[in-house]
Amino acid sequence: MTGELLRGSLLERTVRQSGCPKCARGEGHEVYVLTVSYAGGRVRQFSVRRERVAEVRRWLDNYQQLKEAIEAICELNHDLLRPEGAVARGGRKKRD
Ligand SMILES: [Zn+2]
């Protein structure tokens with residue numbers, strides 16, 4: 001576990017500024033934004049420099065993989081919640 005985790009979505013946007021010749025031609029500049037939503041509908045946005053996009057994608061991917069692993073464990077653990085009769089094993093243990 002390395003801690004290289006990020007939750008959210010990486011979006012690509014085009015921004016245009018007045019006074020920039022490139023933008024005047026309609027090209028604009030591509031920027032990357034990490035959007036993170038929280039319970040209650042709050043959303044935070046972080047701009048991501050181009051050099052870090054690959055890294056951010058990797059960290060987002062790590063998060064998804066870890067989340068899937070946690071979900072799989074939780075699904076297995078549902079078996080532990082079954083009533084004793086459903087487990088179909090021998091006699092119950094005595095407690096002190
Ligand atoms: Zn521009």
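Atoms within each ligand, like the ligands themselves, are counted from 1 in listed order.
- Legend: protein N/O/S atoms lying under 2.8 Å from the Zn ion (ligand 1), waters omitted, number 3.
- Residues Val15 and Cys23 come closest through the heavy atom pair O-SG, 4.2 Å.
- The two residues Glu4 and Asn62 come nearest to each other via the heavy atoms O-ND2, 2.9 Å.
- In the hydrophobic clustering of ILVMFWY residues, with side-chain heavy atoms under 4.5 Å counting as a link, Leu60 and Tyr32 come out together.
- Taking the charged nitrogens against the carboxylate oxygens, Asp79 and Arg82 do have a contact shorter than 4.0 Å, which makes a salt bridge.
- Every pair passing salt bridge (Lys or Arg N to Asp or Glu O under 4.0 Å) that includes a residue from residues 37-49 is listed here, sequence neighbours excluded: Arg49-Glu51.
- Shown here is Arg16, whose CZ atom has more than 12 heavy atoms of other residues, nucleotides or ligands within 6.0 Å.
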